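There's a structure below that I have some questions on.
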Amino acid sequence: MERVNFQAIEKKWQKKFSSLKLSNPKGEKFYCLEMFPYPSGKIHMGHVRNYTIGDVIARYKYLNGFNVLHPMGWDAFGLPAENASKLNNLHPKDWTNKNIKIMKDQLKLLGLSIDWDLEISTCDKEYYKHQQSIFIDFYNQGLVSRKETYVNWDPIEKSVLANEQVINGRGWRSNAIVERKKLSQWFFNITKFSESLLEDLTKLEGWPDKVKLMQANWIGKSFGCELNFEIENTSDSVKVFTTRPDTIFGASFVALSVDHPFNKKFNQNKSFLEFKNECNKSGTTEEAIANAEKLGFNTKLFVKHPFIKGKKIPIYFANFVLMDYGTGAIFGCPAHDQRDFEFAKKYNLEIIKVVSDNDDKKELIEAFIGNGKLINSDFLNGLKVDDAKSKIINEIEKRGIGSKKTLYRLKDWGISRQRYWGCPIPMIYLEDGTIVPVDKSELPVVLPDDIDLSTQGNPLESHPNWKMTTQKSTGKKATRETDTLDTFVDSSWYFMRFCSPKYKNGPFDEKKINYWMPVDQYIGGIEHAILHLLYSRFFTKGINKFNKNININEPFKNLFTQGMVCHESYKDLNGEWLYPEEVERKDNKNVIKRKDKTKVIVGPPESMSKSKKNTIDPETMIKQYGADAVRWFILSDSPPEKDIQWSDAGVASANKFLQKIWNLNFVIKNKSDGSSDKEQEKKFTLGIKNYVNKIDSSIKNFRFNVSIAQFYEIYNFFKENLEKKISDKLLKESIIEVMKLMIPFTPHLAHECLELANCKTPNKWPTVEKNILKEINLAVQINGKTRDIISVKKDFSEKEIDKLVLDNSKAKKYIENKKVIKKIFVKNKIINYIITN
RNA sequence: GCCCUCGUGGUGAAAUUGGUAGACACAAAGGACUUAAAAUCCUUGCCCUUUUGGGAGUGCCAGUUCGAGUCUGGCCGAGGGCACCA
């Protein structure tokens, strides 16, 4: 058997790929983009899968005549760089650049069709300069604001933590108890686009429904109304929001958030302050919230029921009412809301049923939230919930005590981070307290290199002079904002920068944007379903708003979210995690440690992660089996949207198969003309054409595992036909067609084989012909059970098939001597005889 | 708690609009080649039958249909998202 040295051919072709441009200037444009990586050190299998999928699409489109943009860059700002530099005394910039270099070389080993001339890095001042300019544009458009909010404050790190960095109420690194602290922060007013972010989801036909649904839930639109309650014995009132105004006759208390402005009346009240403290202390974790008891503080004040004369309702402060949703105040209807129910039980408040659950005498053991007819509700009695809602809202508006209201759960995007390694926010504070943007001509506001990372808190804050500056237009003294931008901002517009990555006069060349955008195919992990994708959509809409020359409203036309790469995990008897290479598998049951032959406990396959050491290093695999085999394996077996399980045996067998493909090419190359048979050649040609169709459509549908299965079949098909009377000319032409089909999957091997075969047109995809089949298999059924499969000419009529069946099919014996009461004939599919016994 | 998705051999999985269930691969068992092993190749893969053949079968229970992995209803199980959002 002829063998090929994968390392040698991969090196050879990667040299050619490095200057590869997938450009077909006359073709339709196609922007293929994979989510760019964070330069953490080395690429992992998740990257391999993501970028291999992208490469298949990019190469496929190019071979089909599209003008393809396929760039790559680095999401290079972020906290790990700061942490790493504290550990090994390396500047974040140097650490990041070192990682970029390593990872770029690793990506090249995969043979990707990336145009490296377009490379960008978000920590490059040539990149973030433009980001600062967009920030100022957003500021001028009213899309940036400054607000006081509660943040997760780590008292040891002296910094804000993101929600996911708070674990069981403690800082993930310092282990300090996280405090709720009020800080003045910068925000992007993403909520200004709530409606269009929701509405435009319907236009994104090329997005998975799952992602659209997640975003829709996140935006969380709900309909209801606001309603004013007059407070007894004062001229004050309190405004509540409700989605269930129909239950107003069941209202038995009003509850306010402890942060509601009404709390001013109680800021001298010691027990209230204690209560408020208690509320702020209770954890921000989901678990803590879910288990927290409903607590209230009785104000001893009352509101008047707006529809029941003389009825008064107590006002409480309650720990389960949030200030940043609605008005920060609710009315409680315990019979029909579980939280209100629990609260009422605890404080002995009235529970009045106003929606019938068809058992109205029975006492409730939990809130009834189902549908039904209204009872105990005056003029609403007998109406269904929906009708009662409309009627009561009308009545509320008529009386001028409230109005219909639509609310969104989406909150503005807090973008301030007390960090060094991020994009400086281009704002300055004048001595008189006014806050203004940096003059655009002064951009970029450069991150200083000489910082001391050993101090706690934000290094920019403690830098001796960086924040001292002057306002350009007036010469007034000013100090810089020392917070940097959330790194999600960096990735919210990089796909636009890729269209003209070296453009000097602004963030992007508008002509290029209008040509390349939107991204035709975006590929990445499902973990970005909400934040990154929502923020990018917001940025696109924001840019669209202030730049009238840009007519892009949505950034990503088609989205594909790939599954994770999983591997089982190993623990020794001491409970220490072990890397796969540290263990040895005797058989299915016995797994032992290589070092001391002790037993190893095998865990279920999980997403590869450093903490569990269940990782496989792509570079090792590429060196051992070749990049083509790694690409091949990672695309085979499972559909790309599902998780896959890494298996060394799988990649080894991929390698073997590719060797067989090479050998097949070699055998055909050296074949000299034998005898040929027209009929057999016809069948062979038809078979190949059929495979071309199947592979073409499976690529189009992202069914790469099916494409790969087809290649195995093709191999067997060739092996079979080598024995038959087929001219070597036809075999040679056919193997060329097949190798072209393999380019997207195994570009090195495919190109090497095409070169071997002396192919003059390696950049042209085989022609896809529809309706090539002349003969089809037709199922013969008796009473719906398949009894035979017969080969018939395509488009044969019922009559002709009838004759065939009755003459010599296996089904014949079932029909003989029986009465056929009905016949169902579906052309080119089945014929079904219904018989009686 | 609410919302969504998915249940097909020992395993990963195929199966255009309802029309041949299990393609292709991994693992396993048996065999061939070999002094032996590795590699390679072949066969098998639920039940009945010596074979031809027949039967059951896509989580469970019903339904629609000539025909259901695919459609409808209920149940069971797994995964994911959201979560005091009023």
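Here the structure is a predicted model, which is why all the values come from computation and not from measurement. Convention: sequence-line order gives letters A, B, ...; per-chain numbering from 1.
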Touch class at under 4.0 angstrom, heavy-atom based, for A:S653 against every strand present: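 It contacts sugar-phosphate atoms only.
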
Nucleotide B:rA21, atom P - distance to NZ of A:K829 in whole Å: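 Result: 14 Å.
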
A:Y325 and A:S222: side chain donor to acceptor below 3.5 Å: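 Indeed, the side chains of A:Y325 and A:S222 share at least one donor-acceptor pair under 3.5 Å.
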
Inter-nucleotide P distance (B:rA28, B:rA38), Å rounded: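 It works out to 12 Å between them.
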
Touch class at under 4.0 angstrom, heavy-atom based, for A:K405 against every strand present: nothing

Rounded interatomic separation in angstrom, taking CG from A:L322 and C1' from B:rC84: 6 Å

A:F6 and A:N655: CA distance, side-chain angles, deciding distance, side chain to side chain contact (heavy atoms under 4.5 Å, CB included) verdict: CA-CA 9 Å; A:F6 283 118; A:N655 170 286; 3.8 Å; yes

Phosphate OP1/OP2 of B:rU5: any A:K210 side-chain N/O under 4.0 Å: no

Selection from B:rA86, B:rU20, B:rC85 that lies nearest to any side-chain heavy atom of A:K411: B:rC85

N/O (side chain, A:R409) to phosphate O (OP1/OP2, B:rA83) under 4.0 Å: yes

Given B:rC26, B:rG81, B:rC24, the nucleotide with the shortest approach to the side chain of A:A709: B:rC24

Sugar-phosphate, base or nothing in reach of A:I824, heavy atoms under 4.0 Å: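 Base contact.
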
A:S222 side chain near B:rA86 phosphate (N/O to OP1/OP2, under 4.0 Å): yes

From B:rA86, B:rA13, B:rC3, nucleotide with atom closest to A:P639 side chain: B:rA13

A:K642 vs B:rA13: side-chain N/O to OP1/OP2 distance below 4.0 Å: yes

Residue A:D637, side-chain atoms from C-beta onward, closest of B:rU20, B:rA25, B:rG81: B:rA25

Nearest-neighbour nucleotide for the A:V321 side chain, B:rA15, B:rA86, B:rG54 considered: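 Shortest atom-to-atom distance from the side chain points to B:rA86.
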
Distance, nearest 0.5 Å, that separates CG of A:N828 from CZ of A:F796: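 Separation between the atoms: 11.0 Å.
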
Sugar-phosphate, base or nothing in reach of A:Q645, heavy atoms under 4.0 Å: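 Nothing, no heavy atom under 4.0 Å.
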
Side chain A:K294 and base B:rC84 donor-acceptor under 3.5 Å: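 Under the 3.5 Å cut-off, the side chain and the base do form a donor-acceptor pair.
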
Whole-angstrom distance between B:rU20 and B:rG12, as gauged at atom P: 24 Å

Sugar-phosphate, base or nothing in reach of A:N705, heavy atoms under 4.0 Å: sugar-phosphate

Spacing of the C1' atoms in B:rG57 and B:rC46 (rounded, Å):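 My reading of the C1' atoms in B:rC46 and B:rG57 gives 8 Å.
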
Whole-Å gap separating P (B:rC85) and CZ (A:R244): 14 Å

Watson-Crick/G-U partner (both atom distances under 3.5 Å) of B:rG73: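 Base partner found: B:rC61.
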
Rounded distance (Å) that lies between atom P of B:rU5 and atom CG of A:D209: 8 Å

Distance between C1' atoms of B:rA56 and B:rA21 (Å, rounded):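 Approximately 13 Å lies between the C1' atom of B:rA56 and that of B:rA21.
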
Side-chain donor-acceptor contact under 3.5 Å, A:W207 with A:D209: no

Conformer about C1'-N of B:rG9 - syn within 90° of 0, anti elsewhere: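 Because its glycosidic torsion lies within 90° of 0, B:rG9 adopts the syn conformation.
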
Side chains of A:K221 and A:E195 in contact at under 4.5 Å (non-hydrogen atoms): yes

Phosphate contact (B:rC24 OP1 or OP2) by A:R703 side-chain N/O below 4.0 Å: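 False: A:R703 side-chain N/O out of range (4.0 Å or more) of B:rC24 OP1/OP2.
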
Watson-Crick or G-U wobble mate for B:rA83, both contacts under 3.5 Å: none

Distance, rounded to the nearest Å, where A:L227 contributes CG and B:rA86 contributes P: 16 Å

First encountered from the 5' end of RNA chain B, between A:G650 and A:I330: A:G650

Side-chain touch A:F633/A:M621, heavy atoms, less than 4.5 angstrom: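 The answer is no; the side chains never approach within 4.5 Å.
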
Opposite nucleotide pairing with B:rU5, Watson-Crick or G-U, both atom distances under 3.5 Å: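 Base partner found: B:rA78.
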
Distance, P atom - from B:rA68 to B:rC61, rounded to whole angstrom: 15 Å

N/O (side chain, A:Y325) to phosphate O (OP1/OP2, B:rA86) under 4.0 Å: yes

Rounded distance (Å) that lies between atom P of B:rC85 and atom CD of A:Q338: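 Rounding to the nearest Å, CD of A:Q338 and P of B:rC85 are 11 Å apart.
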
Basic-acidic side-chain contact under 4.0 Å: A:D337, A:R244: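 Salt bridge absent between A:D337 and A:R244.
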
A:S638 side chain near B:rA14 phosphate (N/O to OP1/OP2, under 4.0 Å):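 A:S638 to B:rA14 OP1/OP2: no side-chain N or O under 4.0 Å.
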
Side-chain (A:T299) to main-chain (A:I315) donor-acceptor, under 3.5 angstrom: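 Pair found, side chain donor or acceptor close to backbone of A:I315.
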
Sugar-phosphate, base or nothing in reach of A:I834, heavy atoms under 4.0 Å: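 Here A:I834 touches the backbone only, sparing every base.
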
Touch class at under 4.0 angstrom, heavy-atom based, for A:Y712 against every strand present: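 Here A:Y712 touches the backbone only, sparing every base.
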
Span that lies between the C1' atom of B:rG55 and that of B:rG1, in whole angstrom: 47 Å

Nucleotide nearest A:W218 (side chain, heavy atoms from C-beta), chosen from B:rU20, B:rA83, B:rC85: B:rA83

Sugar-phosphate, base or nothing in reach of A:K660, heavy atoms under 4.0 Å: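 Result for A:K660 = sugar-phosphate.
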
Spacing of A:F711 atom CZ relative to B:rA14 atom P, expressed in whole Å: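 Rounded to the whole Å, the gap is 17 Å.
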
P-based separation of B:rA23 from B:rU8 [nearest Å]: 16 Å

Same-atom distance (C1') from B:rC41 to B:rC75, integer angstrom: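 After rounding to an integer number of Å, I get 49 Å for this pair.
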
Ring centre gap for A:F704 and A:F702 strictly below 6.0 Å: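 Distance test on ring centres: under 6.0 Å, yes.
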
Atom-to-atom span, NZ of A:K823 to P of B:rG67 - whole angstrom: 18 Å

Minimum-distance nucleotide to A:A779 side chain [options: B:rG19, B:rA27, B:rU20]: B:rU20

Position toward the 5' end of RNA chain B (nearest nucleotide), A:N832 or A:N716: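 Between the two, 5'-proximity favours A:N716.
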
